[in-house]
Amino acid sequence: MLLIAFATLSTCLHAVPASAQEGPGLEATGHVVTEATPQQQQPGTQQPAASSSEPGTPPAEQQRLESPSASDSVASPAGQQPPEAPSTSEAVASPAEQPSPDAPPPTPPPEASGKQRSTVVRGTRPAQSASEVTLGRDILDTAPRTNATDVLRVVPGLVASQHSGEGKAQQLFLRGFDALHGQDVELNVGGLPVNEVSHIHALGYADTNFIIPELVQSLEVTEGSYRAFQGDFAVAGTVRMDLGAREKGVEFAGTLGQFNQRRLVVTVRPGEDPGTFAAAEIGESDGFGPQRGYGRAALLAQANMDLGHGLSARILGGSYVTRFDSPGVVREDDLEAGRSTFYSGSFPRQGGTVSRHQLLIGVDLPREGTARTRVEAFGILSDLRLRNNFTGYRVDDRGDGLEQTNGGSILGLRAEHRRQVTLFDRPVALELGLGGRRDGIHQTQRRYRETDGTFFADEVDADITQTDVWGYAEARLPLGRWAFRLGGRADALGVEVFDALAFRDPRYYDGQGYSRSAFGVHWGAKAGIEYALTDTWALFASYGDGFRSPQARSLSEGEQAPFVDVHGAELGTRKDGERLSFQASVFGSQVTDDFFFDHTVGTTVFTGETLRTGISAALQARPIEGVTAALSATVANATVTKTDAKLPYFAPLVARADIGWEKPLPGIGSVLSVGTGLTLIGPRPLPYDEFSHTVFLADAQAALRRGALALRLDVKNLLNTRWRDGEFVYSSRFDPTTQPSLVPARHFTAGSPRVASLTLEVHL
């Protein structure tokens, strides 16, 4: 009923006079926005550079903030004026009116009687660092994407591990950082922040499982910390996801797969705008082994509205809930002795529940010359209850089971303003941003018995209020083939903590509990230099200061809140073209007061200064019609500066290939598409001078579309590789009858075996 009501409302919104639809919302883009099939689409248009907007801003929305002429000319690496923007009447065209210049005469679409899958083609914008990249829907469609982990794996150099079940946030590795569950990677979906501050399980906890993969139109990746809009947790980089529905109408997608996998997705897009949609997902599975079952439901809806008089608005909302089991870990010696199988679970009570409810309202103010202003407000409610036991009975004969709860509320407001000013008779593109975010958190941590699940010890019971107020500015000045970028950012953090289990104090709870507060400011500089070798090939040098906010419970009364500072630099080059886009860079990141947190046993080791260095390269190619490829590789090293010892768990080598091919079959009036996703992860250093196993995975898919019907086969881990998703070294005791020991042992969580699923799509 909700989807039907949304479709009716949106249809009414689109039934406005044509003159209203051709108003400021469309003219402001200054770019062609075309509904096109993958065969008709220009290869270069799927390679827009990441813009200097707040994380999560959709590309189409970002372009509304840009000038169609002067602003774009400032951003040109060669200092050249871009082609004149098309008129409003030319801004929306049918696929037949926008063919690729070097493509053969288009074949009549075989599904003419039904809906044709469409892709939004947006004008490209030059990047402002070598490692910024945008991955469009055509690349996402090359390999199976059935959950958020599949979506994240396409990001160059990023490893997303799902070793604790389908409902827990992924463990992330990027550019030599073991980002745990998000502490070093800033994630943003449709403008909504994902990272949670001072989370009980991990700093920056970023649970992206609420994402419906079919709605991800593109990923905008800014690796490093070189841009002023990048905020808390943008240490290794920022990933922003733009949401939109693939085609007009109503789409039903039902999936059946191995291990009793069942999934239903319903998407409604009532008009031409892919950014106005509603979608719901329901999925469940028994999992590929013991204690891996899950069930989840998600709803996401968004509406773009022209309010008239130069005003436009965007509303994004959603809800998500899941219940999942977690297998825990397997001791390597138990596997070798035959006491466990490769896919065994350790203890039966592990898993948890998660819910998330979110709303964003944004308004673009009327344009004034080159000035563009946007204001957005957002709110998020989230709850987590998580149970795990990684050490068995090492600490306590009753069991080391740990239950963590984290209930959070987020209220935020941000404003961004872009305009062109003149300095020394030169046009300067200026961006300003202000914002604030208030997090309210209640969190607990308790020990439970393995025999009956009852609690026997309380370890954390705290209420936290954490407020971040920020401002940033960034300016870009072109001088012939040179362009100079300079910016800065300031974040003021205020924290209040009430710890109900702290030492006794007669002022609270009859003598128990303690309150404390802290405050600190982080100042960060951003800078970049570009040199245009040609119109499409440029060299870049970038510098930026990033930061990570502290865990609030670790602060003392009156302390100056200590941020973890990162100083990053990069030298690189990029070439953007119609058929081929390429970028390569050498990077380095210095973290002043770093620490290593072993989330399996909950201990933190402060390491002092650390250094990450490496090389990364990424390529997007569309060499012939119907073929799409995205290739990337990152080699990194992470060491403690004083001892030159390698930091544990980071990924030294990550390579990824996504390749797809689409072919019309006029003889049967259908379209055939096949694709594959390949992942290579080199051995990761582990504690005590050990290394993990090399991982190589191959996923594949094949789909046939005829009119309104499509059938797709997805196969993950096609080679049925027996691989370890997570590997750890620490001491444990899984058998309570044996003597306790502090001797470290190898542990692992099993990755998925080959899993096949069949999806039927109905497009109405």
Side-chain angles (χ1 to χ4, degrees), residues 3-4 6-7 35-41 95 109-120 136-148 150-151 211-218 243-258 261-272 274 276-285 296-301 626 628 658 660-666 668-677 699-716 755-764:
L3 294 175
I4 296 173
F6 183 89
E35 293 298 315
T37 64
Q39 291 88 358
Q40 294 164 329
Q41 136 189 345
E111 62 267 47
S113 59
K115 297 286 194 307
Q116 191 173 30
R117 180 166 294 181
S118 60
T119 301
V120 177
R137 186 71 231 184
D138 60 338
I139 293 173
L140 292 171
D141 283 338
T142 58
R145 316 280 180 203
T146 60
N147 54 36
D150 295 334
V151 174
I211 296 170
I212 302 175
E214 288 83 353
L215 295 180
V216 180
Q217 285 290 90
S218 66
L243 302 180
R246 292 182 291 188
E247 58 185 72
K248 183 179 177 181
V250 180
E251 177 180 337
F252 297 88
T255 300
L256 294 176
Q258 290 178 275
Q261 178 186 356
R262 301 172 298 278
R263 183 172 181 259
L264 176 65
V265 178
V266 182
T267 305
V268 177
R269 175 179 151 186
E272 299 297 331
T276 296
F277 62 83
E281 174 196 34
I282 298 177
E284 58 182 353
S285 172
R296 66 168 174 255
L299 171 68
L300 283 171
T628 302
D658 291 270
W661 176 63
E662 188 170 274
K663 175 69 173 177
L665 303 175
I668 58 174
S670 303
V671 174
L672 173 68
S673 60
V674 295
T676 184
D699 302 332
Q701 71 174 20
L704 187 67
R705 172 79 180 266
R706 178 182 172 88
L709 299 178
L711 191 64
R712 187 181 75 247
L713 174 66
D714 293 324
V715 183
K716 295 185 179 181
V755 178
S757 62
L758 196 63
T759 300
L760 175 65
E761 297 179 1
V762 180
H763 305 261
L764 303 175

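Positions are given from 1 along the sequence.
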Identify the heavy atoms of [X] and [Y] that sit nearest to each other, and give their distance.
X	Y	value
R269	A245	NH1-O, 3.2 Å
N147	R296	CB-NH2, 4.0 Å
R262	L256	CG-CD2, 3.9 Å
I139	T628	CG1-CG2, 3.8 Å
K248	P270	CE-O, 3.8 Å
A279	L299	O-CD1, 3.2 Å

Taking the side chain as every heavy atom from C-beta outward, state whether [X] and [Y] have any pair of such atoms under 4.5 Å apart.
X	Y	result
V671	L704	no
L140	V216	yes
D138	D141	no
T759	V265	no

Roughly how far, to the nearest 0.5 Å, is the [atom2] atom of [Y] from the [atom1] atom of [X]?
X	Y	atom1	atom2	value
S673	R712	OG	CZ	9.0 Å
S757	D714	OG	CG	4.5 Å
W661	L672	CH2	CG	6.0 Å
L300	L215	CG	CG	6.0 Å
I211	L243	CD1	CG	7.5 Å

**Asked** Does A756 offer a backbone N or O that forms a donor-acceptor pair with the side chain of Q258 under 3.5 Å?
**Response** yes
**Message:** Using the side chain to side chain donor-acceptor pair (under 3.5 Å) criterion, which residues pair with Q261? Sequence neighbours excluded.
**Reply:** none
**Complete:** For R263, the side chain to side chain donor-acceptor pair (under 3.5 Å) test, sequence neighbours excluded, returns E214, E281
**Prompt:** When you look at CG of L758, are more than 12 heavy atoms from neighbouring residues, nucleotides or ligands closer to it than 6.0 Å?
**Reply:** yes
**Asked** In a check of salt bridge (charged side-chain N to carboxylate O under 4.0 Å, His left out) between R705 and each of E761, E247, E251, which one passes?
**Response** E247
**D150 and K716: CA distance, side-chain angles, deciding distance, side chain to side chain contact (heavy atoms under 4.5 Å, CB included) verdict** = CA-CA 10 Å; D150 295 334; K716 295 185 179 181; 2.5 Å; yes
